[in-house]
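Encoded as structure tokens, the structure appears first; notes follow it.
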Amino acid sequence: MGKKVLFVNQEIMPYVPKTEMSSYGAEMPHIMQEAGFEIRTFMPRWGNINERRGQLHEVIRLSGMNLIIDDTDHPLIIKVASIPQTRIQVYFIDNEDYFQKRPAMTKDELGNDYPDNGERAIFFARGVLETVKKLRWTPDVIHCQGWMSSVIPFYVKTAYKDEPQFANSKVVTSLFAEQPQNSLGTNFKHCLEFRDAKAKYLKEYGDNFDFKELGKLAIDYSDGVIGTSDGVHTDLINYAKSNDKQLLEHPIDDTELKEKYSEFYNKLF
């Protein structure tokens with residue numbers, strides 16, 4: 001097998017409705033598997049996912065851990081399913097308060113961002129990394145698709161930097177047009193602190209984390225950045241360029257993604 005790629009997706013079809021992000025969440029793991037990479041895929045177990053239709057089932061041996069966020073214990077539940085007509089398994093990060101009790105994904109029934117989206121992103125990030133450790137799987141590339149996965153690069157390069165499974169991993173962030181409308185709140189920085197992910201690393205970011213600050217955090221701790229369409233905010237693309245990050249920009253209907261992504265991954269090593 002080729003190099004191992006961990007895809008951390010905000011959305012994946014067919015478990016959630018078709019969007020730019022959910023299309024990439026489904027397509028890119030399949031495309032890169034066809035290119036010879038070994039794949040693992042994660043996403044949140046959003047409240048609008050039909051578990052019976054998607055054939056999700058809990059993985060008992062991976063569940064049961066409690067993650068402490070803002071001094072509160074949150075049980076981690078891991079579920080799994082296979083994308084129809086592919087050989088790709090999807091691991092779902094679940095929790096009763098953060099996901100099961102919500103009727104939708106990141107916005108409520110009135111279209112407003114959930115006020116605890118920041119905590120949910122932190123829970124998702126730590127849940128993914130802890131589960132990968134339990135799987136005893138060592139990714140060469142960790143590819144984050146969607147703003148809900150923006151915390152992953154920071155944790156990989158700080159809190160988990162001494163973990164053998166992540167010590168040599170390269171991190172890629174894909175930027176999409178969709179971003180949170182509201183800030184993640186003034187308590188987000190405090191909730192982010194974990195192990196070696198210290199407050200000192202967060203001083204340069206604004207106290208009220210909006211989508212630009214979240215994007216900058218992801219870019220700063222990534223080895224490569226991908227702009228998936230013309231709708232990506234130009235401030236974030238320019239920020240990646242100004243920080244000399246490996247950058248790949250491509251149109252949404254690009255037909256050569258297998259070659260471009262393979263080449264992009266290889267440039268990181």
Side-chain angles (χ1 to χ4, degrees), residues 1-10 12 20-21 23-43 88 125 128-129 132 137-179 201 212 214-269:
M1 294 292 290
K3 282 185 164 46
K4 300 175 181 178
V5 182
L6 170 64
F7 279 96
V8 187
N9 299 287
Q10 181 167 324
I12 301 176
E20 179 187 39
M21 202 180 295
S23 296
Y24 272 90
E27 291 169 7
M28 291 317 304
H30 183 58
I31 288 173
M32 300 321 295
Q33 187 179 68
E34 288 185 334
F37 294 89
E38 184 180 340
I39 302 298
R40 292 287 187 277
T41 308
F42 281 78
M43 73 173 287
I88 296 175
V128 168
L129 296 173
V132 173
W137 195 72
T138 303
D140 298 295
V141 176
I142 301 174
H143 192 149
C144 305
Q145 299 198 107
W147 64 263
M148 185 59 70
S149 64
S150 294
V151 175
I152 295 272
F154 176 61
Y155 277 154
V156 169
K157 298 302 178 76
T158 57
Y160 290 83
K161 69 180 189 302
D162 294 326
E163 297 281 358
Q165 285 171 278
F166 305 117
N168 298 313
S169 298
K170 301 297 182 181
V171 184
V172 174
T173 289
S174 282
L175 301 173
F176 290 84
E178 182 191 323
Q179 299 289 349
Y201 297 124
K212 289 185 182 180
L214 185 64
K216 289 177 182 178
L217 179 73
I219 291 167
D220 284 340
Y221 289 90
S222 293
D223 300 287
V225 178
I226 297 176
T228 59
S229 69
D230 294 336
V232 176
H233 203 287
T234 54
D235 285 357
L236 294 179
I237 294 294
N238 291 335
Y239 185 80
K241 290 178 179 177
S242 67
N243 284 273
D244 295 324
K245 295 293 180 178
Q246 288 277 2
L247 178 64
L248 171 63
E249 294 182 82
H250 64 79
I252 190 171
D253 56 352
D254 199 320
T255 59
E256 300 179 354
L257 294 182
K258 183 187 296 184
E259 294 77 12
K260 288 183 177 180
Y261 276 52
S262 296
E263 182 180 351
F264 187 74
Y265 289 162
N266 289 326
K267 281 183 180 179
L268 301 178
F269 292 97

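All values reported here derive from a predicted model rather than from experimental measurement.
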- Passes ring pair (Phe, Tyr, Trp, His ring centres under 6.0 Å), Y155 versus F166? Steps please. CA-CA 10 Å; Y155 277 154; F166 305 117; over 10 Å; no
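- The aromatic rings of F7 and H143 sit parallel, their planes meeting at an angle under 30°, below the 60° perpendicular limit.
- E27 CD to E34 CD: the interatomic distance, rounded to the nearest 0.5 Å, is 11.0 Å.
- With contacts defined as side-chain heavy-atom distances shorter than 4.5 Å, the pair E20/Y24 qualifies.
- Side-chain atoms of T228 come within 3.5 Å of backbone N or O of L175 as a donor-acceptor pair.
- Applying the salt bridge (charged side-chain N to carboxylate O under 4.0 Å, His left out) test to pairs two or more places apart or on separate chains, none has a residue in residues 141-153.
- Atom-to-atom distance recorded for I219:CD1 and K241:NZ is 11.5 Å, nearest 0.5 angstrom.
- By the neighbour-count criterion of 12 heavy atoms within 6.0 Å, atom CG of N266 is densely surrounded, having more than that number from other residues, nucleotides or ligands.
- The shortest non-hydrogen separation linking T138 to P164 is CG2-O, 4.4 Å.
- A distance-only check finds a donor-acceptor pair linking the side chain of Q165 to the backbone of W137 [under 3.5 Å].
- The structure places SG of C144 at 5.5 Å from CD1 of I152, a figure rounded to the nearest 0.5 Å.
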- Task: Just do the side-chain contact (heavy atoms from CB on, under 4.5 Å) check on T173 and I226 with the steps written out, would you?
- Result: CA-CA 6 Å; T173 289; I226 297 176; over 6 Å; no
- Message: Between K157 and D223, is the salt bridge (charged side-chain N to carboxylate O under 4.0 Å, His left out) condition met? List the steps.
- Response: CA-CA 10 Å; K157 298 302 178 76; D223 300 287; 2.9 Å; yes
For residues 247-259, please give each side-chain donor-acceptor pair under 3.5 Å, one per line with the distance, not counting sequence neighbours.
from: H250; atom 1: NE2; to: Y261; atom 2: OH; distance (Å): 2.9
from: D254; atom 1: OD1; to: E256; atom 2: N; distance (Å): 2.8
from: D254; atom 1: OD2; to: K260; atom 2: NZ; distance (Å): 2.6

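- The line from OG of S174 to CE of M28 is 7.5 Å long, rounded to the nearest 0.5 Å.
- Not a single donor-acceptor pair under 3.5 Å links the side chain of S149 to the backbone N or O of N9.
- For the pair N168/D140, no side-chain contact is recorded, criterion being any heavy-atom separation below 4.5 Å from C-beta on.
- Taking the side chain as every heavy atom from C-beta outward, Y239 and D220 approach each other to under 4.5 Å.
- The CZ atom of R40 sits 7.5 Å away from the NZ atom of K4 when rounded to the nearest 0.5 Å.
- Under the salt bridge (Lys or Arg N to Asp or Glu O under 4.0 Å) criterion, K170 pairs with no residue, sequence neighbours left out.
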